[in-house]
Amino acid sequence: MLRYRFACGFMAAVFVTAAQTPEYGYQVVHAYPHDLNAFTEGLEYRAGFLYESTGLKGRSWLRKEKLESGQVLQQMDLDPQYFGEGITVINQQIVQLTWQTEIGFVHDQSSFHVKRTFTYPGEGWALTNDGQNIYMDDGSAQIRVWDPITLKEKRRFTVHDQGQPILNLNELEWVRGEIYANIWQTDRIARISPVDGRVLGWIDLAGILSPSEQTGGEGAVLNGIAYDALGDRLFVTGKLWPKLFEIKLVPKSHRKNR
């Protein structure tokens with residue numbers, strides 16, 4: 001940006017550079033097993049357990065799992081016509097999206113029984129919540145804000161960095177007052193302000209899965225963020241990944257190799 005000011009009768013050019021958005025690397029705290037067949041679309045941590053939703057028609061399910069072992073404690077398969085997408089756990093219920101059918105499900109958290117279905121326009125990609133609102137994305141640069149009871153849209157905002165919209169928002173997670181979002185087909189997570197959609201920081205997870213473990217093909221991309229609010233632990237995984245990682249964020253210039 002170029003601004004001008006007058007000094008001593010002369011016009012001087014003053015260059016003002018916008019502050020660069022902070023970037024973070026990672027330190028792996030622990031690696032846990034993850035089902036290599038899970039095409040992860042939604043991930044949440046609640047009361048010591050992981051809740052995971054997967055995609056692909058005929059391979060979409062909702063699961064409750066042990067973090068430490070990956071053991072499946074409970075599973076409900078979606079009808080093969082549905083491509084499962086994001087979930088969020090709120091008010092003892094699990095709200096789940098599907099991709100292109102514009103139909104969502106509200107499950108009882110304990111039994112996984114479908115209590116009701118609901119509809120929304122466009123594609124369904126991901127969900128998260130702050131206890132008062134549900135946040136939903138559709139693969140664009142926009143995040144919709146829903147009422148948690150009616151599941152109706154109240155408002156929406158565009159995610160942006162340095163004035164540019166950020167497309168391909170994928171899996172979402174509420175973390176300490178911010179929304180974390182995977183950017184589809186990248187190794188990056190955006191830290192987003194839920195007030196105005198501004199990107200507050202970038203997390204670069206390149207290299208977290210070793211080349212020898214990348215056996216899932218082109219679709220096996222980073223996707224899946226879960227946060228343990230009580231333990232202040234952050235977990236990440238990907239579609240068709242054999243591992244789920246607990247990580248700590250470090251400023252990019254101070255990144256430590258694992």
Side-chain angles (χ1 to χ4, degrees), residues 22-35 38 40-54 62-70 73 85-97 109 125-137 143 145-146 148 159 166 169-184 186-195 197-205 208-209 221-239 241 243-251 258:
E23 294 204 9
Y24 301 85
Y26 63 90
Q27 181 177 2
V28 173
V29 177
H30 197 89
Y32 300 95
H34 181 250
D35 185 353
T40 306
E41 298 290 3
L43 191 70
E44 287 213 12
Y45 182 93
R46 289 290 187 278
F49 300 100
L50 285 171
Y51 292 85
E52 184 171 18
S53 172
T54 65
L62 175 65
R63 282 179 172 176
K64 178 180 179 181
E65 305 158 348
K66 280 189 176 180
L67 167 67
E68 296 78 10
S69 64
L73 302 175
E85 284 284 350
I87 58 169
T88 196
V89 182
I90 187 170
N91 300 329
Q92 289 77 55
Q93 300 179 132
I94 303 171
V95 183
Q96 182 179 31
L97 301 175
Q109 183 179 350
W125 282 44
L127 294 171
T128 191
N129 79 85
D130 62 3
Q132 302 298 321
N133 300 287
I134 291 176
Y135 300 88
M136 176 266 198
D137 71 35
I143 290 180
V145 184
W146 287 357
V159 176
I166 304 301
L169 300 175
N170 208 348
E171 220 272 317
L172 303 175
E173 183 71 8
W174 183 265
V175 182
R176 297 186 296 270
E178 300 175 6
I179 298 172
Y180 283 26
N182 285 118
I183 308 302
W184 184 48
T186 78
D187 293 319
R188 290 164 69 80
I189 291 173
R191 298 174 57 172
I192 302 163
S193 165
V195 177
R198 179 169 54 93
V199 174
L200 305 172
W202 288 101
I203 304 167
D204 182 0
L205 295 180
I208 193 168
L209 191 68
V221 296
L222 180 74
N223 199 49
I225 312 167
Y227 180 61
D228 171 12
L230 293 178
D232 190 25
R233 296 186 295 171
L234 182 64
F235 307 101
V236 296
T237 191
K239 302 177 182 184
W241 279 24
K243 291 181 179 178
L244 178 145
F245 300 94
E246 178 186 343
I247 62 171
K248 293 284 188 183
L249 303 186
V250 294
R258 61 189 177 101

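For this chain, numbers begin at 1 and follow the sequence in order.
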May I have the step-by-step check of side chain to side chain contact (heavy atoms under 4.5 Å, CB included) for N182 and W125, ending in yes or no? CA-CA 11 Å; N182 285 118; W125 282 44; over 6 Å; no
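- Nearest heavy-atom pair, P33 versus S69, reported as atom, atom and distance to 0.1 Å: CG-O, 3.2 Å.
- Looking at heavy atoms from C-beta onward, I179 lies in side-chain contact with W174 at the 4.5 angstrom threshold.
- Using a 4.5 Å cut-off on side-chain heavy atoms (C-beta onward), F49 and V89 make no contact.
- To the nearest 0.5 Å, atoms NZ (K239) and CD (E171) are separated by 10.0 Å.
- Aromatic rings of F245 and F235 (six-membered ring for Trp) have centroids beyond the 6.0 Å cut-off, not under it.
- Distance alone, capped at 3.5 Å, places no donor-acceptor pair between the N223 side chain and the W184 backbone.
- The minimum heavy-atom distance linking I203 with G25 is given by the pair CG2-O, 4.4 Å.
- Rounding to the nearest 0.5 angstrom, the gap separating the NZ atom in K243 from the CG atom in L209 is 7.5 Å.
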With side chain to side chain contact (heavy atoms under 4.5 Å, CB included) as the test, would you mind laying out the steps for L50 and L244 before giving the verdict? CA-CA 11 Å; L50 285 171; L244 178 145; 3.7 Å; yes
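- When every heavy atom of P148 is checked against every heavy atom of I134, the shortest pair comes out as CA-CD1, 3.9 Å.
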Please test I225 against L234 for side chain to side chain contact (heavy atoms under 4.5 Å, CB included), starting from the C-alpha separation and ending with a verdict. CA-CA 7 Å; I225 312 167; L234 182 64; 3.8 Å; yes
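- Take T186 and apply the side chain to side chain donor-acceptor pair (under 3.5 Å) test, not counting sequence neighbours, and it matches no residue.
- The side chain to side chain donor-acceptor pair (under 3.5 Å) test with Y135 is passed by exactly one of N129, D130, T128, T88: D130.
- Although no hydrogens or angles enter the test, the distance criterion places a donor-acceptor pair under 3.5 Å between the side chain of H34 and the main chain of W241.
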Give the C-alpha distance, both sets of side-chain angles, the deciding distance and a yes or no for side chain to side chain contact (heavy atoms under 4.5 Å, CB included) between K66 and L73. CA-CA 7 Å; K66 280 189 176 180; L73 302 175; 3.8 Å; yes
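- Test D187, T237, I247 against I208 for side chain to side chain contact (heavy atoms under 4.5 Å, CB included) and you get one pass: I247.
- With a 6.0 Å cutoff to the six-membered ring centre and a 45° limit on the axis angle, R191 counts as a cation-pi contact of Y24.
- Note: D228 CG to L67 CG = 8.5 Å, rounded to the nearest 0.5 Å.
- Looking at residues two or more places apart in sequence or on another chain, you find no side chain to side chain donor-acceptor pair (under 3.5 Å) involving R198.
- Using a 4.5 Å heavy-atom threshold, the side chains of D137 and L127 count as separate.
- A cation-pi geometry, defined here as NZ or CZ lying under 6.0 Å from the six-membered ring centre and within 45° of its normal, does not hold between K64 and Y51.
- The two residues G224 and T40 make their nearest non-hydrogen contact at CA-CG2, 4.3 Å.
- Side-chain atoms of N170 do not come within 3.5 Å of backbone N or O of I183 as any donor-acceptor pair.
- S53 places a side-chain N or O within 3.5 Å of a backbone atom of E85 that can act as its donor or acceptor partner.
- Residues G70 and E65 approach most closely at O-CB, 4.4 Å, considering heavy atoms.
- Around CD of Q92, the count of heavy atoms belonging to other residues, nucleotides or ligands within 6.0 Å does not exceed 12.
- L43 contributes atom CG, which lies 7.0 Å from atom CD1 of I87 (distance to the nearest 0.5 angstrom).
- Side-chain contact check for E23 versus R188: some heavy-atom pair is nearer than 4.5 Å.
- Distance check: E44 CD to E173 CD gives 5.0 Å after rounding to the nearest 0.5 Å.
- Annotation: the span from Y180 atom OH to Y227 atom OH amounts to 8.0 Å, rounded to 0.5 Å.
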